[in-house]
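Naming: A, B, ... by sequence-line order, numbering from 1 per chain.
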There are 2 protein chains.
Amino acid sequence: MTPCECAVADCLLCEARLLSGLAEQQVCSVPGLILRELRAPGEFLFHQGGPSRHLYVLKAGYVKLAAALPDGREQVLGIGVEGNLLGFEGFSQEVFPYSAQALTPVHVCGVRRTDMTRILTGNPKVTLDVLRVLNAELERSKALIMDLGLRTAPERVASFLLSLLPPGRTWERELPLPLKRREIAEMLGLREETVSRVIAGLRRERVIRTRQGKVQILDFARLRSQAGFSPAEVPESRFATA
Amino acid sequence: MTPCECAVADCLLCEARLLSGLAEQQVCSVPGLILRELRAPGEFLFHQGGPSRHLYVLKAGYVKLAAALPDGREQVLGIGVEGNLLGFEGFSQEVFPYSAQALTPVHVCGVRRTDMTRILTGNPKVTLDVLRVLNAELERSKALIMDLGLRTAPERVASFLLSLLPPGRTWERELPLPLKRREIAEMLGLREETVSRVIAGLRRERVIRTRQGKVQILDFARLRSQAGFSPAEVPESRFATA
DNA sequence: CGACCGGTTGATAAGAGTCAACATCCGTGG
DNA sequence: CCACGGATGTTGACTCTTATCAACCGGTCG
């Protein structure tokens, strides 16, 4: 019953038990089951098309999830944050349908797919948690679909900026923005130049302030109205889920 | 152990057992647990923003899943087909984040959310199945994101048409197309007129043939190349999952 | 028959993409 | 410590795709 050595609270995996040898023990303490990995910015956790032998739980850092078309066009499908499951689609498939690349120093726990199946079947509670996490991910995907399908460029950028806000907290603070213009564009189905222009506009209008990998929202109301949300509507955070 | 009265093979729910009173019995045979519903085309299974008291398993028919922005713009998020879970996001939320509307006569089984939790905790196997279905849905969402984020109008339409193909089967046959031009447009982030023009073009070029709620693919290779898929790549069916 | 709905087509406008130049930031090495 | 070089970000001029507005066709159903 020693707490998991990685010492992250509420970890899906750490909560799970596994019958190994004689006794039920915490998953984390079964030797060789969980591999803890550290990745530097730019490094890949896995590649689109590569064999999906592991699933990951993201413990710390930001990860870019992206898929490319054969001609090279790339779409950022989402940003993984602390607590997210990565490569879970590998659970029912042989190859990863997209790549995961560290944006910041990243800390993950990896589990072999086969082990994960065992863990899941033996831990209904964990499975329910996984269900919830997956559901949340589906939500985020649908939100991105809404952005791409029916918002204009300025609306998409505004919506994106709002999605940087952590759930409960209101704006005020300076927020980390681990994506380059290029990557924001690839996420929003726009071009780098367009994103730059829109952001420049927002800056001119004193709606936001940008500073080197950080953004500060100065006029929350205006940003929200520009994003096309209803006055009351609080856009669920699609980014900082942590 | 009487087979489920709805007589659909491989139904997630029917496979599940539930401890009710004294004995474990099939979920379907517990009176009052499953409500079977029949909906006419145009009718809603549930509304965006409405309270999510039930989850549904779609047994037969097509269902349109769509969400609207406060200003009325509507995005079709996907098409539900036989075997799909509907309103499952309600599992972790109080209100449905989108609406579900029958496109054809539709047959669903509904379960109260609270009952579903009980079913899931007691049936690890079912939970794994649900996981897989949810995963598949995530895939479909990501595929739509790819369409919206980096394909042009003609590419989107081609990609959409290919997504009508059932998984294993090759083209040849005439395929059902339960969506109006308007709805295709709402799904692809385009306008009715644009979809119409692109389809007209494909028809002129003898790539497809259209006839009253049906499409026939005449030139599979050309359609696939127009969609921007790699030569080998078979686009996973995002539509007729059944 | 006439109204309505879904679909098609045309002319024009607007939004975003493209290409190209330039500005900034930052790390590196002299 | 400063100067250079590459990567990132900004801005401008022009182009092209797709949206918009409008008319029209063909079927269906009162």
Report which part of the nucleic acid [X] touches: base, sugar-phosphate, or nothing (heavy-atom distance under 4.0 Å, all strands).
X	result
L190(A)	sugar-phosphate
G213(B)	nothing
E193(B)	base
R203(A)	sugar-phosphate
G189(A)	sugar-phosphate

Rounded to 10 degrees, the angle between the two terminal axes of the helix from dC1(C)-dG30(D) to dG30(C)-dC1(D), each from five pairs: 30°
Heavy-atom closest pair, residues M187(B) and L148(B): O-CD2, 3.8 Å
Over all atoms of both residues, closest heavy-atom pair of E137(A) and K142(B): OE2-NZ, 3.9 Å
Straight-line distance of F44(A) CZ to R39(A) CZ, nearest 0.5 Å: 11.0 Å
Heavy-atom donor-acceptor pair, R197(B) side-chain to dG10(C) base, under 3.5 Å: yes
Any N/O donor-acceptor pair, R182(A) side-chain to dT10(D) base, under 3.5 Å: no
F46(B) and F96(B) aromatic ring geometry - parallel, tilted or perpendicular at 30°/60° bounds: parallel
For [X] and [N], what is the distance between atoms [atom1] and [atom2] respectively, to the nearest whole Å?
X	N	atom1	atom2	value
E192(A)	dA16(C)	CD	C1'	15 Å
I184(B)	dG7(C)	CD1	C1'	11 Å
R181(A)	dA23(C)	CZ	P	19 Å
R151(A)	dT18(D)	CZ	P	21 Å
I199(B)	dG6(C)	CD1	P	15 Å
L150(A)	dA16(C)	CG	P	13 Å
R211(A)	dG9(D)	CZ	C1'	17 Å
L188(B)	dT18(D)	CG	P	12 Å

Could you check whether atom [atom1] of [X] has more than 12 heavy atoms from other residues, nucleotides or ligands sitting under 6.0 Å from it?
X	atom1	answer
R182(A)	CZ	no
R113(B)	CZ	yes
R53(B)	CZ	no

E193(B) bridged to R197(B) by N-O distance under 4.0 Å: no
Closest-nucleotide 5' rank along DNA chain C - winner of T210(B) and P154(A): T210(B)
Candidates dT20(D), dG9(D), dG7(C) - which lies nearest the side chain of R191(B): dT20(D)
Minimum-distance nucleotide to T152(A) side chain [options: dT10(D), dA16(C), dT11(D)]: dA16(C)
Under-4.0 Å side-chain N/O to phosphate OP1/OP2 contact, T194(A) with dA16(C): no
OP1 or OP2 of dG9(D) under 4.0 Å from side-chain N/O of Q212(A): no
